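Taking it in order: structure first as structure tokens, then the write-up.
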Protein chains: 2
Amino acid sequence: MKRLGIPQYLDGRTGDKTLSKAVNRALLLHLLREKGACSRASLAKDSGLNKVTVSSQIAELIELGIVKEIGVGASELGRKPIMLEIAGEAGYALGLSISTTGLFVVAMDAAGKIDRSDFFPIEVHTPEAVIDAIVSVTRNAKRRYRQAKFGLFGIGIAVPGTIDQGTRRVVCSAKLGWEDVPFSEDLAKVFGGILHVGNDATLATIAEHELNAPEADDFVCLLIDEGIGSGAYINGAIHYGHNGQFGEVGHMTVVHDGLRCPCGNTGCWDLYGSELALRQALGTARGGKIPDAEELLTLAASPPDWSQEAFSNFVDYLISGIVSIMNAMAPSMLVINCAVLSASPAMFEAVKAGVASRALAHTHVCEIRLSSLGKTAPAIGAAMAAKDRFFEGLIVNET
Amino acid sequence: MKRLGIPQYLDGRTGDKTLSKAVNRALLLHLLREKGACSRASLAKDSGLNKVTVSSQIAELIELGIVKEIGVGASELGRKPIMLEIAGEAGYALGLSISTTGLFVVAMDAAGKIDRSDFFPIEVHTPEAVIDAIVSVTRNAKRRYRQAKFGLFGIGIAVPGTIDQGTRRVVCSAKLGWEDVPFSEDLAKVFGGILHVGNDATLATIAEHELNAPEADDFVCLLIDEGIGSGAYINGAIHYGHNGQFGEVGHMTVVHDGLRCPCGNTGCWDLYGSELALRQALGTARGGKIPDAEELLTLAASPPDWSQEAFSNFVDYLISGIVSIMNAMAPSMLVINCAVLSASPAMFEAVKAGVASRALAHTHVCEIRLSSLGKTAPAIGAAMAAKDRFFEGLIVNET
DNA sequence: GGCAATTTGTTTGTTGACTTTACAAACTAT
DNA sequence: ATAGTTTGTAAAGTCAACAAACAAATTGCC
């Protein structure tokens with residue numbers, strides 16, 4: 001297993017006793033979360049810490065209620081170990097993802113197990129309507145989990161737009177038609193716990209990273225639906241960028257002097273490689289109705305003759321953009337969350353082959369995978385982000 | 001001043017006493033390097049450490065020879081402080097930058113002051129010839145600085161290509177025509193100190209960051225000469241990328257179905273926005289000789305009519321690529337090292353204006369500057385990188 | 001000049017988290 | 001039953017940071 005670096009949330013501290021303790025606690029919680037059930041002895045071996053240190057830290061974590069003993073385990077020889085585990089039932093996080101059609105909601109326990117997963121349609125997506133829906137969902141969850149030690153300890157919200165992590169306002173969401181919405185301020189009034197608001201692609205990246213390659217230090221995730229967004233782990237940490245605006249790869253120029261984009265630029269990737277662009281191209285190709293998201297997948301699965309060119313162009317533009325990202329950022333793994341590619345293995349293979357032939361040589365070490373999470377990725381990532389914050393709190397605040 | 005995060009080279013350690021000490025030493029050396037002369041008391045105030053802790057650490061650093069007392073300073077009231085400073089003369093680093101025409105060499109003392117700066121022309125640039133030249137330069141420097149406590153403690157080498165930071169081999173340099181050269185292995189035989197080999201754009205980025213905006217956490221530097229390379233500080237740390245191949249922005253696709261690039265891709269930015277591309281375009285425009293690097297600058301400074309279109313296209317392609325980088329990476333500052341733009345303030349202004357009008361809204365907070373270092377940036381950055389490694393050694397090894 | 005106030009830097013002793021050493025408990029194999 | 005092994009705890013030791021007290025040096029005011 002990859003050795004944990006000293007986490008960023010411990011930055012800006014001096015080297016005193018509390019730092020030692022926090023670093024070691026972070027290390028132990030990391031191992032417990034990654035490995036699942038394990039004993040004090042194996043934690044000591046894997047962490048490099050002394051047995052005694054592990055025992056005393058674990059005693060405190062059990063006292064806190066976040067770790068529990070789950071009985072004795074097996075052993076080849078000698079005394080049987082007392083197995084430990086994160087106490088999932090200690091508390092719960094909610095992950096929400098806002099789209100134009102509704103709210104994806106995921107409830108996750110402290111151990112990362114998904115407890116439930118829902119979709120709530122909403123008619124209008126004004127900030128008020130969305131906040132109302134979120135408040136109602138939150139209230140229900142708070143009630144449902146009130147018996148847990150930490151109850152509903154946090155909410156993560158995935159927004160298709162840019163969020164200033166300082167003020168936590170939604171700076172802009174073209175998809176929802178929002179501009180400078182003091183989203184979390186309103187929510188903080190009704191929910192006192194952890195509130196993490198983030199870009200949907202960034203949060204989806206957290207989920208894909210956790211499930212696909214938690215050990216990959218340089219990891220990029222592409223979210224291709226109406227537009228194209230991305231997120232990245234860099235040097236082992238999720239990256240928000242200046243003002244939380246990292247990852248608007250949909251507005252990279254891929255066609256010089258190309259179509260005019262509402263963003264102000266011309267020839268943006270969004271206008272050629274997104275599902276929206278593809279649907280429009282398909283509509284033009286058959287000289288009729290633009291297919292909706294559902295029909296799109298049917299067409300992708302077995303493309304009729306008239307659609308071949310549109311699909312093939314789509315693949316071409318995807319390759320262009322992906323090659324740009326690979327060459328510029330040199331990730332060790334790239335995960336693509338795209339319903340069309342998931343529906344058509346042939347198209348995904350074409351993308352992989354195209355990228356392999358056109359990207360710089362190092363590509364042979366950059367694996368490209370399809371997401372297995374689909375539309376729920378941002379909500380799952382949002383819950384994970386809230387959960388991560390919760391554990392940070394256990395490390396930073398509880399000495 | 002920005003508070004130092006816990007440095008990455010301390011990752012992978014457990015929280016014991018040595019970590020505390022290392023963190024505090026890193027903090028103190030950081031302050032001493034950034035602030036210049038200062039007293040124990042002011043270090044205590046700025047670091048948040050106890051006076052006693054500062055005094056004992058400083059005593060060890062003075063014992064090591066890397067810090068010195070430089071006499072008493074001024075004070076408004078009370079006892080006058082004993083001023084401290086990094087002992088520059090304690091040791092020296094050499095920074096070298098390999099180009100097709102020769103070797104830029106910079107000698108830098110431990111405090112970061114440039115002691116000398118030279119250029120050694122070389123006729124051929126085979127690995128053997130270059131290594132010979134480097135060995136000779138190194139030998140001289142070693143002799144020159146032999147009286148210093150740490151002598152010539154390190155060398156940094158900037159290579160126009162990709163370097164695997166694990167094996168430290170030059171994976172590929174298109175410009176030099178090198179492939180898989182075990183460069184540092186050969187050098188390590190004749191020089192036992194710190195040997196840092198890196199990509200030229202990455203190392204130039206270190207120099208530009210240090211001198212332009214050391215406090216910028218998200219910083220991108222573009223190096224535009226024969227090709228286009230880049231480097232970036234992300235989350236406050238220079239980023240090498242998987243296999244050290246981050247930053248090949250010259251091979252982002254900016255023209256769909258564009259010119260075929262030797263790299264395997266088509267429509268690469270390199271083929272449209274580099275100085276080489278510009279010189280070729282100028283040659284075509286006047287239907288005659290391709291201008292050399294020197295003439296290029298004369299033309300840029302006062303462009304004749306026949307050259308206008310070529311220059312204007314060049315600016316256009318630069319804008320395209322820069323907008324892509326800004327939107328994808330969201331840096332808070334971008335420095336451009338490009339002789340043509342330095343020669344023509346008007347063109348630079350046109351680039352800035354174009355980017356401002358085409359990049360996403362957050363751009364108003366991303367300042368764009370021209371490099372003040374020019375061709376020596378990679379060599380200076382190489383020396384800085386070696387020097388940084390030296391200080392890391394003082395922190396990690398000397399308990 | 002003498003004394004209070006202030007700032008710098010050191011001396012002395014305390015604290016706390018980790019480590020080492022020793023040991024008890026529990027288990028397997030012979 | 002006994003030896004050997006592994007797990008986990010208890011007691012004692014270590015070390016770097018911290019806190020309090022103090023010495024040294026300087027300014028300002030009477």
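Remember, predicted model here, so these are calculated numbers, not experimental data. Protein chains get the first letters and strands the later ones, always in sequence-line order, with residue 1 at the start of each.
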Winner on side-chain proximity to B:V52, out of D:dA25, C:dT10, C:dT21, is C:dT10

Quick note, A:K21 side chain, CB onward, closest among C:dA29, D:dA24, C:dC18 is C:dC18

Against the side chain of B:P81, the closest entry in C:dG9, D:dA17, D:dT26 is C:dG9

message = Tell me whether the side-chain N/O atoms of A:S20 come closer than 4.0 Å to OP1 or OP2 in C:dC18.
response = no

Base, sugar-phosphate or nothing for A:D16? Non-hydrogen atoms, less than 4.0 Å.
sugar-phosphate

| message | Once you apply a heavy-atom cut-off of 4.0 Å, does B:Q57 come out as touching a base, just sugar-phosphate, or nothing? | response | sugar-phosphate

Closest to the side chain of B:N24, out of D:dG8, C:dG9, D:dA17, is D:dA17

By the 4.0 Å heavy-atom rule, please label A:T18 as base, sugar-phosphate, or nothing.
nothing

Rounded to whole Å, CD1 of B:I58 lies from P of D:dA16 at a distance of 16 Å

Here the distance between atom C1' of C:dT19 and atom CG of B:L19, to the nearest Å, is 15 Å

When every non-hydrogen atom of A:N235 is compared with those of A:D218, the smallest separation belongs to N-OD1, 3.5 Å

Rounded to whole Å, the CG-C1' distance (B:N50 to C:dT10) equals 12 Å

The answer to which of A:T53 and A:K80 contacts DNA chain C further toward the 5' end, by nearest nucleotide, is A:T53

Which of D:dC15, D:dT9, C:dG9 is nearest the side chain of B:K17? It is D:dC15

